[in-house]
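Throughout, residue positions are numbered sequentially from 1 according to the sequence presented. Everything numeric here is computed off the predicted structure, so don't read it as measured data. Worth knowing before you read on, the calculation uses all heavy atoms, side chains too, and leaves out hydrogens, waters and symmetry mates.
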Amino acid sequence: MLNSLAAGRHLAKRIVFAQLVVAVVAGLAFSLQGRPAALAAFGGVLIVAIATALLAARAFSALGGAGATFMRFLVGMILRWIVLIGGLALILVQWKLPPLPALTGLVAGYAVNVFAFRFKG
């Protein structure tokens, strides 16, 4: 059981690091369209990375029974959605950045999850 907890933490760190790399790449790619587009793309991936880090911090925090583990995961998922919705609202409503780069950043951030689970070895 300790090994799976450590493996989960390790995978979560790899995913968050890869999402941060993708955030920089997305920001640089959209910098051709201007500073607002670059900030929107970078911010889109960044909020996914922050949400993933919060979920991982809650889900892999400690050992416990099935009920406690499920509750930690559930709280982590709720925190993740709060960060995603709040971050997207900040990007689109408060800062009025372009929506297409922000949504592209969100999709790119979640694409990291797909590839990380596919090639986790």
Side chain to side chain contact (heavy atoms under 4.5 Å, CB included) evaluation trace for Thr52 with Gln19: CA-CA 9 Å; Thr52 301; Gln19 286 171 337; 3.4 Å; yes

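Within the structure, every pair that satisfies the side-chain hydrogen bond (donor to acceptor under 3.5 Å, both in side chains) test and touches residues 60-78, not counting sequence neighbours, is listed here: Ser61-Arg72, Thr69-Arg72.
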Residues 25-50, side-chain donor-acceptor partners within the protein, below 3.5 Å, at least two apart:
| unit_1 | atom_1 | unit_2 | atom_2 | d |
| --- | --- | --- | --- | --- |
| Ser31 | OG | Leu28 | O | 2.6 |

Extract all donor-acceptor atom pairs below 3.5 Å that involve side chains of residues 96-108 and protein atoms in other chains or at least two apart in sequence.
| unit_1 | atom_1 | unit_2 | atom_2 | d |
| --- | --- | --- | --- | --- |
| Lys96 | NZ | Val93 | O | 3.3 |
| Thr104 | OG1 | Leu100 | O | 2.7 |

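Partners of Ile85 under the side chain to side chain contact (heavy atoms under 4.5 Å, CB included) rule, at least two apart in sequence or in another chain, are Trp81. Considering only residues two or more places apart in sequence or on other chains, Ile78 meets the side chain to side chain contact (heavy atoms under 4.5 Å, CB included) condition with Leu74, Ile82. Here Arg58 pairs with nothing under the side chain to side chain donor-acceptor pair (under 3.5 Å) rule; sequence neighbours left out. Every residue meeting the side chain to side chain contact (heavy atoms under 4.5 Å, CB included) condition with Phe73, not counting sequence neighbours, appears here in chain and number order: Leu55, Ala59, Met77. Under the rule for a side chain to side chain contact (heavy atoms under 4.5 Å, CB included), the partners of Ala12 that lie at least two apart in sequence or sit in another chain are Ala56, Phe60.
Taking hydrophobic clusters as Ile, Leu, Val, Met, Phe, Trp and Tyr residues chained together by side-chain heavy-atom distances below 4.5 Å, Leu92 shares a cluster with Leu90. In this structure, Ile91 is a member of the same hydrophobic cluster as Leu84, with clusters built from ILVMFWY side-chain heavy atoms closer than 4.5 Å.
Between Ala62 and Leu5, the closest heavy-atom pair is C-CD2, 4.2 Å.
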